[in-house]
Protein chains: 2
Amino acid sequence: MPRPSQRDRIVDAYVDHVVSEGPETVTLEAVAARAGVSKGGLLYHFGSKEALLGGMLERVAALTEADIATARAAAAAGTETVAHYYLRTSADDPASDSDFFRAMVAVLKVAGTEEAAATTARASISAWREVLAEETGDELTADLIAAVGDGIYLRAIAGERSTPLTRDWETTLERLGVRAPSEQSP
Amino acid sequence: MPRPSQRDRIVDAYVDHVVSEGPETVTLEAVAARAGVSKGGLLYHFGSKEALLGGMLERVAALTEADIATARAAAAAGTETVAHYYLRTSADDPASDSDFFRAMVAVLKVAGTEEAAATTARASISAWREVLAEETGDELTADLIAAVGDGIYLRAIAGERSTPLTRDWETTLERLGVRAPSEQSP
DNA sequence: GTCTATACGCGGATAGAC
DNA sequence: GTCTATCCGCGTATAGAC
């Protein structure tokens, strides 16, 4: 995947619009304008609104996979646990630059309406829960960590900033019995 | 509040439609049909689509208040803690009959687009967190319990059934250090 | 209070020029 | 590959009959 193609920039604009304005106000015209092309230009790349949604879902699936791979690599290197990675990156502000977080919020906002988006969201959530369960070896702990992450996303949908719980995710993990790599025995 | 007025039945229909079909497909015609009236009939009661949304938000605010009062009463009577009440009722299936849960899911689905709905959602979330914090006396525990509830709502939006975490909410509460009233010292 | 009929604007999608 | 022009359907809202 080389640098941003026109398709990528259009998907970017779509995500941006959904996150900031909400899915109901998305029009091909608005997305096109944000991407700096005309409606016709957009429709050359994505033949329909549904195809545009598909482009975003593909991206989220890809970003999920990439993000999990990064977390696993960090865990293998002993830098930080998967749980730490998950909460740290989820704690990002919606207005920040975390591509994955933004795209995921957009997908969740659309998921209320589009079944395909709901499916992608479920897949991403499940994938993370699996990795967390694998690491902790304890289903309940994994579910709790996942729930904390879910809470962050829910608040993002509702337009709320991060809570004490997420600002202080390190304390949260301690409380749940998850230790940082440096505290673990060699 | 007497038995279902026409207004109430229209709001019911609106909530039903949003939960089952999603907010983007909501039309006055569809809601009217579901409520058993015509478009014109609906518009007599709610002068605009926005007014219809307002009706739903009022209901959620009222149900939140009532629900919290019920939980407080149960806690005062020693029947169950607020935390138990919160998780038990949140664990309900979206397809079930919990008015509050259904309405809240509808509001959250709309919250992606309508700022007013997002505000109502935040208010409801905050109110519960406050009550939980008041009971546990520990902000972190309250936040964790609230997060578990949030996770349930997020999954509801994504169309997923309840998780082990919510099926087994009693174990979850034990793990978080919240004991049932019967286990507490008199 | 509830209905039908209608005006009106907007958004998705196509055709075809450049 | 990207644009403009245009068609068409649908959804909101109003007017006014019953």
Side-chain angles (χ1 to χ4, degrees), chain A residues 1-59 106-107 109-117, chain B residues 1-59 106-107 109-117:
Chain A
M1 290 160 191
R3 62 238 67 82
S5 65
Q6 195 70 300
R7 273 181 70 98
D8 290 334
R9 297 189 29 226
I10 291 170
V11 171
D12 283 344
Y14 182 52
V15 170
D16 277 358
H17 190 99
V18 170
V19 169
S20 60
E21 307 293 333
E24 212 148 336
T25 67
V26 170
T27 64
L28 297 183
E29 187 116 45
V31 174
R34 211 178 267 255
V37 295
S38 73
K39 211 200 302 198
L42 185 154
L43 283 164
Y44 170 77
H45 293 285
F46 297 95
S48 70
K49 209 182 183 182
E50 197 183 343
L52 181 54
L53 170 64
M56 181 173 72
L57 298 185
E58 275 179 33
R59 172 179 295 190
V107 168
K109 286 198 176 195
V110 181
T113 300
E114 299 289 341
E115 188 49 38
Chain B
M1 288 158 190
R3 63 237 70 77
S5 65
Q6 195 72 296
R7 273 180 70 98
D8 289 334
R9 297 188 31 225
I10 291 169
V11 171
D12 283 343
Y14 182 53
V15 170
D16 277 357
H17 189 99
V18 170
V19 169
S20 61
E21 309 291 333
E24 210 147 339
T25 67
V26 170
T27 65
L28 297 183
E29 186 115 46
V31 174
R34 211 179 267 252
V37 294
S38 75
K39 213 200 295 198
L42 186 153
L43 282 164
Y44 170 76
H45 293 284
F46 297 95
S48 69
K49 209 182 182 182
E50 197 182 345
L52 181 54
L53 170 64
M56 180 172 76
L57 298 186
E58 276 178 32
R59 171 178 295 190
V107 168
K109 285 196 178 198
V110 182
T113 301
E114 298 289 340
E115 188 50 38

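In what follows, chains carry the letters A, B, and so on, assigned in the order in which the sequence lines appear, proteins first and then strands, with residues in each chain numbered from 1. The structure displayed is predicted, hence computed values, not measured ones.
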Residue pairs passing the salt bridge (charged side-chain N to carboxylate O under 4.0 Å, His left out) test with at least one member in residues 9-18 of chain A, sequence neighbours excluded, are A/Asp12-A/Arg59, A/Asp16-A/Arg102
Give the rounded distance in Å between these two atoms: CZ of B/Phe46 and P of D/dT14.
16 Å
Residues in contact with DNA chain C, drawn from residues 30-41 of chain A - heavy-atom cutoff 4.0 Å:
A/Lys39
Smallest heavy-atom separation, B/Ala117 atom then B/Val107 atom, equals O-CG1, 3.5 Å
Look only at the side chain of A/Lys109 and the backbone of A/Val19, and say whether a donor-acceptor pair between them is shorter than 3.5 Å.
yes
Measure across B/Gly112 and A/Pro23 and return the closest heavy-atom pair with its distance rounded to 0.1 Å.
O-CD, 3.7 Å
Which is the 5'-most and which the 3'-most nucleotide of DNA chain C that has an atom under 4.0 Å from a heavy atom of chain A?
C/dG11 to C/dT14
Applying a 4.0 Å non-hydrogen cut-off, can you work out what B/Leu28 is touching in the nucleic acid: base, sugar-phosphate, or nothing?
sugar-phosphate
Which parts of residues 49-56 of chain A get close to DNA chain C, meaning a heavy atom less than 4.0 angstrom away?
A/Lys49
CZ of A/Phe46 to CG of A/Leu53, rounded to nearest 0.5 Å, is 10.5 Å
Begin from the C-alpha positions of B/Leu57 and B/Glu114 and carry the test side chain to side chain contact (heavy atoms under 4.5 Å, CB included) through to its verdict.
CA-CA 11 Å; B/Leu57 298 186; B/Glu114 298 289 340; over 6 Å; no
I need the B/Glu21 CD to A/Glu115 CD distance, nearest 0.5 Å.
11.0 Å
Applying side-chain contact (heavy atoms from CB on, under 4.5 Å), can you list everything that pairs with A/Leu28, at least two apart in sequence or on another chain?
A/Lys39, A/Leu42, A/Leu43, A/Lys49, A/Leu52
Rounded off to whole Å, could you give me the CG-to-P distance for the A/Leu43 and D/dT6 pair?
18 Å
Calculate, to the nearest 0.5 Å, the distance between atoms CZ and CD belonging to B/Arg7 and B/Glu58 respectively.
7.0 Å
I need the CG-P distance between B/Leu42 and D/dA13, as an integer number of Å.
10 Å
Rounded to whole angstroms, how far apart are CD on A/Glu24 and P on D/dG11?
12 Å
Quick one: list whatever passes side-chain hydrogen bond (donor to acceptor under 3.5 Å, both in side chains) with A/Thr25, sequence neighbours left out.
A/His17
